[in-house]
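Everything below concerns the one structure shown next.
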Amino acid sequence: MVVVDVVVVVVDVVVVMVVVVALVVVVVVGIWPVISEVTEVTSASLSSDKKVLATGDDLGYVKLFRYPVKGKYAKFKRYVAHSTHVTNVRWTHDDCLLVTVGGGDTCLMIWAHLAEGHREIRQCDSEESDVESEDDGDNLFGEYQALVLQTDLVLDLVFGYRGNDCRNNVHYLNEGADIIYHTASVGIVLNLTTSCQSFYVEHSDDILCLTINQHPKFPNVVATGQVATSPSIHVWDAMTKQTLSVLRCFHSSGVCSVSFSATGKLLLSVGLDPEHTVTIWKWQE
């Protein structure tokens, strides 16, 4: 009898575990992308109020979903800063911050979680999904719209610096008031007085090189090159983070070095291709 009772208890425990796992799968099924064989979700974290689910994936995207995430291909908001897979995401105890960790870029990033009333104060750089969701009849899309209006993420701090394979990628700006450098796919301007960071986040992959235009006619003009099969060079204003020019390269694999001419009107780039091709750009045109 004792053996029979133990067997019954074990069976009951297994049944309960299966039910719990099934319930968990149901409430997060929508986080998986359309092509899940290519993009795997590597981590997920539910906010303390159980309203927002944050995920990280193999492509370096951080996404926000309304919880529970029922139905296939749920609507989301996407944020790009990590250049490789995101290994972990976690909310702080009060849901005010989201912490994400990158794999290959070895960066730790802290995102401020903003409510609707604060979104006009700080610029949010997010993209909404363009895939039609397959909801389960519970007005998911309508409730998602409420999420879009009420919550957003803004990159607040980045801990990291790419120095293992890059050179001459740290510079002073504004007579030593600021420092500019890069890590992952982010250009970072650090104010030495306030210790606050601001970010340029228009690159789609790892930034490999950075240079400053030294001519007085072009103050705070920065050029950064990235790794990619078809790489690009971005010329931007370090203070406003406005993109001035995007140069689509003939280089393959990536851009390993950039430098402005003495006049500031020309930009030289060197590719990662086997021939290390050199290109000279009239970047304003």
Side-chain angles (χ1 to χ4, degrees), residues 20-21 23-116 118-119 122-129 131 133 140 143-144 146-148 150-162 183-186 188 197 199 201 203-207:
V20 170
V21 170
L23 288 174
V24 170
V25 171
V26 168
V27 297
V28 300
V29 66
I31 68 175
W32 300 101
V34 178
I35 309 177
S36 59
E37 296 83 4
V38 177
T39 307
E40 292 293 341
V41 177
T42 56
S43 57
S45 180
L46 181 62
S47 60
S48 298
D49 59 9
K50 293 181 171 52
K51 293 182 179 180
V52 182
L53 182 70
T55 68
D57 62 33
D58 278 341
L59 293 181
Y61 296 139
V62 176
K63 297 178 182 178
L64 290 186
F65 296 86
R66 186 194 66 83
Y67 185 85
V69 194
K70 302 176 184 177
K72 291 184 179 180
Y73 320 134
K75 294 288 185 176
F76 58 82
K77 302 197 74 173
R78 181 175 67 187
Y79 307 84
V80 183
H82 291 288
S83 57
T84 56
H85 61 288
V86 179
T87 60
N88 214 339
V89 297
R90 285 293 182 271
W91 293 101
T92 55
H93 71 284
D94 55 2
D95 297 335
C96 288
L97 300 173
L98 179 70
V99 181
T100 63
V101 180
D105 59 38
T106 65
C107 290
L108 185 147
M109 300 187 181
I110 298 179
W111 306 74
H113 186 209
L114 301 183
E116 180 181 6
H118 297 87
R119 294 182 64 198
R122 299 179 62 179
Q123 181 179 2
C124 301
D125 183 31
S126 62
E127 300 176 6
E128 297 181 15
S129 61
V131 178
S133 61
L140 265 181
E143 294 188 21
Y144 170 79
L147 169 62
V148 172
Q150 294 175 2
T151 186
D152 218 328
L153 292 179
V154 173
L155 192 57
D156 200 29
L157 285 172
V158 176
F159 295 92
Y161 162 70
R162 183 159 187 153
T183 189
S185 62
V186 183
I188 304 170
Q197 295 177 334
F199 310 99
V201 292
H203 281 282
S204 59
D205 212 324
D206 280 297
I207 298 176

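Keep in mind it's a predicted model, so treat the numbers as computed, not measured.
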Could you grab the distance from atom CG of Asn88 to atom OG1 of Thr100, nearest 0.5 Å is fine?
9.5 Å
Please identify each residue that fulfils side chain to side chain donor-acceptor pair (under 3.5 Å) with Thr106, with sequence neighbours left out.
none
How close do Tyr67 and Leu46 get, heavy atom to heavy atom, and via which atoms?
CG-CD1, 3.4 Å
Pairwise side-chain contact, Tyr61 with Val80, heavy-atom cut-off 4.5 Å (strictly under):
yes
Quick one: salt bridge (Lys or Arg N to Asp or Glu O under 4.0 Å) partners of Asp105, sequence neighbours excluded?
none
Applying side-chain contact (heavy atoms from CB on, under 4.5 Å), name anything that partners Ser204, two or more places apart in sequence or on another chain.
Gln226
Considering residues at least two apart in sequence or located in another chain, which fulfil the side chain to side chain donor-acceptor pair (under 3.5 Å) criterion with Ser47?
Asp49
Could you pull out all residues at least two apart from Ser48 that satisfy side chain to side chain donor-acceptor pair (under 3.5 Å)?
Asp95
Applying side-chain contact (heavy atoms from CB on, under 4.5 Å), can you list everything that pairs with Leu157, at least two apart in sequence or on another chain?
Ile110, Phe159, Gln197
Leu153 side, atom CG; Leu97 side, atom CG - distance, nearest 0.5 Å:
10.0 Å
pair Thr42-Asp58: side-chain heavy atoms closer than 4.5 Å:
yes
Can you tell me how far CG of Asp156 sits from CZ of Phe199, rounded to the nearest 0.5 angstrom?
7.0 Å
A side-chain contact here means heavy atoms from C-beta on lying under 4.5 Å apart; do Val201 and Tyr79 qualify?
no
For Ser185, the side-chain contact (heavy atoms from CB on, under 4.5 Å) test, sequence neighbours excluded, returns Ser83, His203
Looking only at heavy atoms, the pair that brings Ser45 and Val89 closest together is CB-O, 3.3 Å
I want to check something: taking the side chain as every heavy atom from C-beta on, are Thr55 and Lys63 in contact at a cut-off of under 4.5 Å?
yes
Do you know the tightest heavy-atom contact between Ala74 and Phe65?
O-CE2, 3.8 Å
Assess the residue pair Met109 and Leu155 against the criterion (side-chain contact (heavy atoms from CB on, under 4.5 Å)); give the C-alpha distance rounded to whole Å, side-chain angles, the decisive distance to 0.1 Å, and a yes or no.
CA-CA 7 Å; Met109 300 187 181; Leu155 192 57; 3.9 Å; yes
Determine the minimum heavy-atom distance between His82 and Val101, stating which atoms define it.
CE1-C, 3.8 Å
Working to the nearest 0.5 angstrom, can you tell me the gap between Asp152 CG and His113 NE2?
8.0 Å
So, using side-chain contact (heavy atoms from CB on, under 4.5 Å) as the criterion, who are the partners of Thr183 when residues are at least two apart?
Cys107, Val158, Ile188
Can you tell me how far CG of Leu53 sits from CG of Leu64, rounded to the nearest 0.5 angstrom?
8.5 Å
